[in-house]
Amino acid sequence: MSRQGSVGNAQNTSHNAAKDNIEEKGGPLHFPSEDELKPSDSMKQTIINAKAASDKEQKMSLLQGIRLYPKAIGWSVLISTCIAMEGYDVCLVNNFYAFDPFNRKYGVLTDDGSYQVPARWQAGLSNGAACGEIIGLFINGWVSERIGYRYTVMACLVLIAAFTAIFFTAQSVNALLAAEILCGIPWGVFQTLTITYASEVCPVALRGYLTTYVNACWGIGQLIGIGVIKSMIGRNDQWAYRIPYALQWMWPPFLLLGIAFAPESPWWLVRKGRIEEAKKSLLRLTSTNRETEFDADETVAMMVHTTALEEKITKGASYLDCFRGTDLRRTEIVCMCWAIQNLSGNAFSNYSTYFLESAGLPDSSSYSFALGQYAINVVGTVGAWSLMSLGVGRRTLYLYGLCGLFSMLFIMGFLGLVPDSGRDQAALATGSLMIVWALFYQLTVGTVCYSLVAELSTRRLQIKTVVLGRNLYNVVGIITNVLTPYMINPSAWNWSNFTAFFWVYTFFRIPEPRGRTFAELDLLFERKIGARKFATTEVDVFDETVDESLIHQYKHTLDRADKIGGIGMTPA
């Protein structure tokens, strides 16, 4: 080795040792010192711009974020509304089993002279969409990263319009099952793409609100669905179920028209090396308000820096890479966040009407209770926003939410032990408590999950990581859909041990991402910081050496802008 190289290594060793000493004395956390090299001039300028944008974003208040990013809010809300279509259809299929016209068309004659859809077909129809969603989710992991979010959504809306025709014209239960599976494919795409788009078009101040809005869209779709069903109760002809199916066509035309003009995610454009287009897209997402000293070049530099940093940490971008290195921990947490939704008793919330009917309430009153329960999805989301605006963290909401759910499930378990003489009162108490449970669930676990899964995955693997988590949710959902009818037997309430387990998991494994930039989250995971220390650990991500290919592309874009007087400086 040359003397010059020896001196250079000695200097690096001294520099790294000094930096490690700074950390030991309580200074900000850095990436492992052995990964660091002396940055080039172009990288230095990028880091300066990125740090400026990061500081401004972290200081941005909620009101400032709303004023600066009103267009991002509008586009995110529009694309997230796609998920309402799934909430609408799931509501239909589960409630059509009580419709006499539907049962006469697709059911079989039973011994008591009535028509019923056989239990095996009920299970098949209820789970058919989930099976299609699993396929659609995996497809989304490849397609949306290849062609972009906007074109993927538009293609899925066209498919939805085509597959709805199968629902409307179905002459047998087999055709209905085919429609559920086929529609499940684009629904699976919507389940994750809406969340990732929301997380990438907004700043830190808005991220938790726009990602959790997806949960409100479920409630909106279910509210519309149950309202349509209730209006059809008086009909005895085939239109009692064909009109609700036909109304699914009301969604795609309006959504297609709006999304055709939506800007692409600037993060996705940066990942594709299309820096100039990323800046134009960012300008389309912001207003002319400059009270936060917003600078599009600095924000793009932050995206470039984070993307290049993740390219160094995560060598590949396949599903297999989700299980390598530090991404394994992130994938595990995202998967468990989704699974906990079903494993904390979510399957029971759909059976409140069952217990209320057992208590002697008429069908119309039971549907009114169901309408109120679905409205809780929307109210709960707004309530969760209020708690987050007061400074309550995602981890805190998840943890204490599970504690509350555990307590209520524990009480419902003891209600199952009430003697037969008080069975009606116990059923009424259980059904009512389930509605309270649903409100508490939507205030915490049901809503906050969407924010956690969007924030805890790396940008480079976000789509695929969220896909894996949502697919685990669907698999667990299929299992619980099969087992829940057995669990609602009063003698089988025994969830206390399971919910306690997931409470413990949340305490030790789910970190707090509130207020962190994506680069800071990358650093915290890379250094294996414990979940309970995420919120308090000080970090510095702007001394790290990254892949310079994107850096040079960013610098080339700036040079071109200087020569031609700026690019796209006026928002569209």
Side-chain angles (χ1 to χ4, degrees), residues 12-39 43 46-47 50-51 53-55 57-58 199 204 207 302-317 321-337 393-396 398-399 451-462 464-465 469 505-548 550:
N12 285 339
T13 301
S14 175
H15 169 72
N16 293 339
K19 180 170 290 186
D20 291 340
N21 288 333
I22 292 174
E23 289 184 16
E24 291 176 0
K25 293 178 181 179
L29 186 70
H30 300 77
F31 274 84
S33 56
E34 61 270 16
D35 290 342
E36 298 183 14
L37 300 170
K38 185 178 180 179
M43 188 186 303
T46 302
I47 291 175
K51 182 171 175 55
S54 178
D55 291 342
E57 188 167 309
Q58 288 187 313
S199 70
V204 171
R207 204 166 59 201
M302 180 180 67
M303 297 177 183
V304 169
H305 177 265
T306 302
T307 300
L309 183 65
E310 291 181 347
E311 285 182 352
K312 193 186 74 166
I313 298 172
T314 307
K315 301 302 181 184
D321 291 304
C322 294
F323 301 96
R324 291 174 173 163
T326 57
D327 287 303
L328 173 60
R329 179 187 175 193
R330 303 175 85 154
T331 301
E332 170 222 321
I333 295 172
V334 169
C335 287
M336 288 303 297
C337 282
R394 279 63 139 170
R395 168 184 159 88
T396 302
Y398 222 73
L399 178 62
S451 180
L452 285 171
V453 300
E455 294 177 298
L456 296 180
S457 50
T458 175
R459 297 304 87 198
R460 186 169 167 81
L461 291 171
Q462 184 192 39
K464 292 181 174 64
T465 305
Y505 176 89
T506 300
F507 182 75
F508 287 106
R509 296 296 288 171
I510 296 182
E512 177 54 68
R514 183 172 67 90
R516 295 290 193 185
T517 65
F518 291 127
E520 288 176 333
L521 291 170
D522 290 336
L523 172 56
L524 290 165
F525 276 109
E526 180 72 9
R527 291 300 293 268
K528 298 180 174 63
I529 301 302
R532 288 171 288 174
K533 296 181 179 179
F534 256 59
T536 57
T537 301
E538 186 180 354
V539 299
D540 181 5
V541 300
F542 294 103
D543 63 349
E544 177 62 8
T545 299
V546 296
D547 182 359
E548 293 196 43
L550 275 172

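The shown structure was predicted, so the numbers you read here are calculated from the model rather than taken from an experiment. Any value given below was found using the heavy atoms of this structure, including those in side chains, with hydrogens, waters and symmetry copies removed.
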What residues form a side chain to side chain donor-acceptor pair (under 3.5 Å) with [X], not counting sequence neighbours?
X      : value
Arg394 : Ser451, Glu455
Glu332 : Tyr505, Arg509
Arg459 : Ser199, Gln462

Between Ile510 and Met336, does the side chain to side chain contact (heavy atoms under 4.5 Å, CB included) criterion hold? Intermediate values first, please.
CA-CA 9 Å; Ile510 296 182; Met336 288 303 297; over 6 Å; no
Measure from the side-chain N and O atoms of Thr331 to the backbone N and O of Cys322, and report whether any donor-acceptor pair falls under 3.5 Å.
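Checked: pair present.
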Between Ser54 (side chain only) and Ala50 (backbone N and O only), is there a donor and an acceptor less than 3.5 Å apart?
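Not a single qualifying donor-acceptor pair exists.
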Going from [atom1] on [X] to [atom2] on [Y], what distance comes out if it is rounded to the nearest 0.5 angstrom?
X      : Y      : atom1 : atom2 : answer
Thr537 : Glu520 : OG1   : CD    : 11.0 Å
Phe534 : Leu524 : CZ    : CG    : 4.5 Å
Arg207 : Glu57  : CZ    : CD    : 7.5 Å
Leu456 : Ile333 : CG    : CD1   : 6.0 Å

Salt bridge present between Asp522 and Arg516 (N-O < 4.0 angstrom)
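No salt bridge links Asp522 with Arg516.
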What pair of heavy atoms forms the shortest contact from Cys337 to Tyr398, and how long is it?
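Shortest heavy-atom contact: O-OH, 2.6 Å.
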Could you please spell out the steps behind the side chain to side chain contact (heavy atoms under 4.5 Å, CB included) verdict for Arg395 and Arg532?
CA-CA 9 Å; Arg395 168 184 159 88; Arg532 288 171 288 174; 2.9 Å; yes
Contact between Thr517 and Thr306 at the side-chain level, heavy atoms closer than 4.5 Å - yes or no?
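No - every pair of side-chain heavy atoms lies 4.5 Å or more apart.
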Do Asp321 and Asp327 have side chains that approach each other closer than 4.5 Å (heavy atoms only, starting at C-beta)?
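Side chain of Asp321 against side chain of Asp327, heavy atoms only: no contact under 4.5 Å found.
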